[in-house]
Asker: 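Dropping the structure in here first, questions after.
Below, read A as the first sequence line, B as the second, and so on, with proteins coming before strands; counting in each chain starts at 1.
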Protein chains: 2
Amino acid sequence: MTRAGRPRLSSRPMLEDAAHELFLEQGYAATTVDQIAQRAGVGRNTFFNYFGAKSDVLWADVDDALAALPPSAELRGDDDPIDAVRTALLEAADTMPAHRVPWAVSQSELLGLGAELASSGVHRLARLTEWLGSVLSSRPERPSVTERAAAHALAGAALAGAIDWVRAGRGRSALRDHLAPALEPVCTGFSAGSGCRTA
Amino acid sequence: MTRAGRPRLSSRPMLEDAAHELFLEQGYAATTVDQIAQRAGVGRNTFFNYFGAKSDVLWADVDDALAALPPSAELRGDDDPIDAVRTALLEAADTMPAHRVPWAVSQSELLGLGAELASSGVHRLARLTEWLGSVLSSRPERPSVTERAAAHALAGAALAGAIDWVRAGRGRSALRDHLAPALEPVCTGFSAGSGCRTA
DNA sequence: CAGCTTATCTGGTCTCCGTCCCGAAAGTCG
DNA sequence: CGACTTTCGGGACGGAGACCAGATAAGCTG
């Protein structure tokens with residue numbers, strides 16, 4: 001089935017490839033959106049039809065993984081929501097194979113990224129936190145401090161695990177293996193059934 | 001004692017006041033750096049002598065608090081580093097009185113902030129995480145996954161507590177009271193002496 | 001006082017991101 | 001064939017932030 005309208009003559013992967021080439025050749029900051037579009041053989045505006053910002057190219061893989069997270073409604077009402085999100089996170093991690101490391105992060109030193117990487121990456125952290133909060137909060141309109149703290153802390157721990165995964169180098173194992181130990185202490189701290197806290 | 005060189009004829013507070021006025025009048029995005037400088041009676045470049053970016057005005061208070069955190073060397077080698085950072089964080093929180101809510105966050109709806117607020121605010125979260133990591137890691141050059149995870153999770157929990165504090169409205173109590181419950185589960189999860197985990 | 005050093009202020013220029021508008025191209029559908 | 005729909009692309013604009021060269025105003029030194 002083909003939708004109406006002019007068919008696209010470019011695609012996200014095409015633009016990604018062009019951008020990655022240029023980033024490797026000249027570095028991220030020195031590469032302009034014009035150059036990316038030119039190498040891909042399209043106009044500059046077409047780039048912004050596919051990516052909202054230049055830095056979005058760096059995070060295409062992560063954005064896909066985040067978009068693939070199950071809707072919060074599916075996990076709400078679970079017995080132990082902490083355990084539910086942990087399982088969902090680990091399953092989402094399994095969809096990202098070890099050879100497909102987020103391109104940007106693995107090349108960060110080489111590309112001279114730094115502040116740039118951090119500032120664009122936190123958007124993804126914020127989205128993860130939002131998703132976690134929507135699952136963990138019994139009343140999403142007014143979540144408790146603890147629920148918010150759990151969402152932020154879990155997101156932070158997941159980030160730490162992901163960073164560790166990336167830094168593990170080529171021989172790294174699955175993302176799940178790095179994520180699980182990072183999440184575990186936070187889960188025990190916040191899990192209602194941990195039994196080691198009276199409150 | 002007066003240092004050599006031309007004396008400053010403006011100051012950070014002057015620029016902050018000018019910026020805050022304009023932000024309230026027209027919103028953050030609609031206010032240009034030119035306008036801020038003009039209202040403060042200085043040149044545009046002078047603004048950038050005091051602030052590295054336009055968004056830095058929003059976070060002046062937070063930046064001061066972060067800069068006042070004790071150097072990591074003071075806290076390293078403590079018996080329980082988790083407890084040490086918690087204490088340090090709560091003490092830093094006490095230096096921020098309840099009436100001096102970070103200006104930007106409290107006015108975020110009114111100013112039409114949103115993505116802007118988040119993207120500039122996470123720089124501060126990253127700095128807090130970095131500080132936490134430098135304290136928590138026994139070997140800062142190669143911290144373990146758990147140490148990284150603890151730093152990120154604690155930073156996230158602190159953020160959640162701070163957000164809750166801001167949202168508590170005018171009758172809010174001290175920041176410490178909102179921070180402590182947010183940090184507590186993470187601390188118990190990561191504290192070596194929690195005794196509820198065999199690993 | 002004259003001259004040197006130091007630090008701030010100012011104006012101008014530059015690149016480039018991100019946004020907007022509008023018209024052209026290229027398909028599908030009735 | 002004509003209407004509709006979607007993508008493509010050119011042009012223009014505003015604004016952030018970097019950079020530089022020069023002016024200004026203090027303290028220090030001889």
Asker: At 4.0 Å (heavy atoms only), tell me whether A:Gly43 reaches a base, stays on the sugar-phosphate, or touches nothing.
Answerer: sugar-phosphate

Asker: Quick one: the side chain of A:Arg3 and the base of D:dT7, do they pair up donor-acceptor inside 3.5 Å?
Answerer: no

Asker: Would you call B:Arg142-B:Glu147 a salt bridge at under 4.0 Å N-O?
Answerer: no

Asker: Measure from CZ on A:Arg44 to P on D:dC13 and round the result to the nearest Å.
Answerer: 14 Å

Asker: By nearest atom, which of the nucleotides C:dT8, C:dT10, D:dA16 is closest to the B:Asn45 side chain?
Answerer: C:dT10

Asker: What is the distance, to the nearest angstrom, from the CD atom on B:Gln38 to the P atom on C:dG11?
Answerer: 11 Å

Asker: Would you classify B:Tyr50 as touching base, sugar-phosphate or nothing, given that sugar-phosphate means primed atoms plus P, OP1 and OP2, and contacts are heavy atoms under 4.0 Å?
Answerer: sugar-phosphate

Asker: I need the CG-C1' distance between A:Leu58 and C:dC17, as an integer number of Å.
Answerer: 14 Å

Asker: For a quick test of reading the model: is some side-chain N or O of A:Thr46 closer than 4.0 Å to OP1 or OP2 of D:dT7?
Answerer: no

Asker: Answer yes when B:Arg124 and B:Asp56 have at least one side-chain N-carboxylate O distance shorter than 4.0 Å, and no when they do not.
Answerer: yes

Asker: In whole Å, what is the span from the CZ atom of A:Arg6 to the P atom of C:dG27?
Answerer: 8 Å

Asker: Please tell me which of B:Val42 and A:Lys54 maps to the more 5' nucleotide of DNA chain C, matching each residue to the nucleotide holding its nearest heavy atom.
Answerer: B:Val42

Asker: When the distance from CG of B:Asn49 to P of C:dA7 is rounded to whole Å, what number comes out?
Answerer: 13 Å

Asker: Search all heavy atoms of A:Ala160 against all heavy atoms of B:His152 and return the closest pair with its distance.
Answerer: CB-ND1, 3.5 Å

